[in-house]
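In the text below, chain A, chain B and the rest are named by the order of the sequence lines, each starting its count at 1. No experiment lies behind these values; they were computed from the predicted model shown.
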Protein chains: 2
Amino acid sequence: MSPRRHPDSPWPTEAELDILRVLWDRGACTVREVHEALYAHEGAGYTTALKMLQIMHAKGLVERDDSQRAHVYRAAVTRQRAQKRYLADMVQRLFNGSASQMVLHALGSHPPASREELKEIRALLNKIEAGS
Amino acid sequence: MSPRRHPDSPWPTEAELDILRVLWDRGACTVREVHEALYAHEGAGYTTALKMLQIMHAKGLVERDDSQRAHVYRAAVTRQRAQKRYLADMVQRLFNGSASQMVLHALGSHPPASREELKEIRALLNKIEAGS
DNA sequence: ACCTCACAACGAATTGCTTCGTATATTGCG
DNA sequence: CGCAATATACGAAGCAATTCGTTGTGAGGT
């Protein structure tokens with residue numbers, strides 16, 4: 001799903017997104033940390049994690065601090081940016097550009113768990129209605 | 001973004017999703033119709049469309065009526081199924097499993113255009129709250 | 001019957017993603 | 001120092017997705 005939507009800035013691939021999730025959750029990481037966080041229990045090797053991070057660095061998806069022997073990588077895109085981008089793409093490709101349709105589907109299939117969440121959504125709707 | 005999530009039933013790839021969109025929008029189509037709907041103005045050849053549909057047929061993504069000389073293809077998955085599946089995957093991979101978070105993001109970045117849509121969303125929220 | 005056109009089938013080239021093995025360098029320690 | 005452990009770098013294999021060219025075949029018109 002990746003390399004044909006916009007050649008804009010690169011779309012993370014599946015495996016790259018897995019790595020970004022680790023970096024978003026845990027902050028900057030060494031290769032070893034990434035490896036242990038998601039490759040170890042899948043049986044994949046250390047150099048796989050290394051290569052992925054090197055490729056992602058070449059693509060500009062992560063930044064690298066190589067002042068120490070064990071280089072430290074951190075995400076170069078925020079989680080929010082990625083969320084927004086994938087969301088927009090999905091709305092376009094699957095919901096004919098209608099975000100409302102997508103929201104209805106999402107709420108229908110996976111209704112909000114807590115009253116707190118429900119409240120947040122209502123609050124946002126109010127704000128939208130007031131501002132329009 | 002496709003072939004590593006569940007080996008369950010296959011995820012449509014990018015190009016496959018484009019074709020499914022055509023079949024969803026226009027109903028069953030011959031290869032030529034698909035080609036003209038989305039390959040022609042991108043400069044891709046007829047056999048590309050043909051091959052894609054053959055591959056999708058082998059994967060079970062489309063069904064084929066070959067009783068006529070020009071085979072007729074139709075989607076073997078509904079748009080709704082696909083929407084649900086991609087949505088669930090995205091919530092998992094990018095929103096830590098929280099559909100509400102995704103809804104908030106969606107409404108924040110692409111607020112509903114019409115009051116009608118707004119009303120629909122509110123109605124659904126009411127129904128959810130009542131049923132919980 | 002023959003020719004032309006539109007079709008399906010299939011093999012193959014290309015590209016990108018993912019994984020791994022090997023080579024090489026650096027650090028810490030006996 | 002010399003050794004073991006741990007790093008990076010890099011090439012290459014394997015696989016899937018996409019695109020195209022070629023070939024064979026059936027249908028319709030002359």
Student: Within this structure, what is the CG-to-P distance between B:Leu50 and D:dT18, rounded to whole angstrom?
Tutor: 15 Å
Student: Round to the nearest Å and state the distance from A:Glu36 atom CD to D:dT6 atom P.
Tutor: 11 Å
Student: Figure out the CE/P separation between B:Met56 and D:dA17, and round it to whole Å.
Tutor: 12 Å
Student: Return the value, rounded to whole Å, for the distance between atom CE of B:Met52 and atom P of C:dA8.
Tutor: 15 Å
Student: From A:Ser9 OG over to A:Arg85 CZ, what is the distance, rounded to the nearest 0.5 angstrom?
Tutor: 4.0 Å
Student: Counting only side-chain N and O atoms of B:Thr13, is one of them less than 4.0 Å from OP1 or OP2 of D:dT18?
Tutor: yes
Student: Please state how far atom CG in A:Leu61 lies from atom C1' in C:dC17, giving the value in whole angstrom units.
Tutor: 13 Å
Student: Respond yes when some side-chain nitrogen or oxygen of A:Gln54 is under 4.0 Å from OP1 or OP2 of D:dA9, and no when none is.
Tutor: yes
Student: Does B:Trp11 reach the main-chain N or O of B:Tyr86 with its side chain, forming a donor-acceptor pair under 3.5 Å?
Tutor: no
Student: Check this one for me: any side-chain N or O of B:Lys59 less than 4.0 Å away from OP1 or OP2 of D:dA17?
Tutor: yes
Student: Heavy atoms from C-beta onward define the side chain here; which of C:dC7, D:dT8, C:dT18 lies closest to that of A:His71?
Tutor: D:dT8
Student: Out of C:dT18, C:dC10, C:dT22, which has the shortest distance to the side chain of A:Glu14?
Tutor: C:dT18
Student: So what does A:Tyr46 touch, heavy atoms closer than 4.0 Å: a base, only the sugar-phosphate, or nothing?
Tutor: base
Student: If you compare every side-chain N and O of A:Arg32 against the phosphate oxygens of D:dA5 (OP1, OP2), does one of them come in below 4.0 Å?
Tutor: no
Student: Does A:Leu94 offer a backbone N or O that forms a donor-acceptor pair with the side chain of B:Gln83 under 3.5 Å?
Tutor: yes
Student: Quick one: which of D:dA9, C:dA12, C:dT19 gets closest to the side chain of A:Thr47?
Tutor: D:dA9
Student: Let me know the distance between CD of A:Glu42 and C1' of C:dT19, rounded to the nearest Å.
Tutor: 12 Å
Student: Take atom CD in B:Gln80; do more than 12 heavy atoms of anything else shown fall under 6.0 Å from it?
Tutor: no
Student: Does the C:dA6 base have a donor-acceptor partner in the side chain of B:Arg69 within less than 3.5 Å?
Tutor: yes
Student: From the set C:dA12, C:dT19, C:dA9, return the single nucleotide nearest to any side-chain atom of A:Tyr39.
Tutor: C:dT19
Student: Among C:dC20, C:dT18, D:dT18, which nucleotide has an atom closest to any side-chain atom of A:Ile55?
Tutor: C:dT18
Student: Looking only at heavy atoms, what is the nearest atom pair of A:Glu33 and A:Ala28, with distance?
Tutor: OE1-O, 4.2 Å
Student: Without decimals, in angstroms, what is the distance between A:Asp66 CG and C:dA25 P?
Tutor: 17 Å
Student: Specify the separation, in whole Å, of atom CD1 of B:Ile19 and atom C1' of D:dA17.
Tutor: 12 Å
Student: For D:dC20, take OP1 and OP2 only and decide whether either is under 4.0 Å from a side-chain N or O of B:Thr48.
Tutor: yes
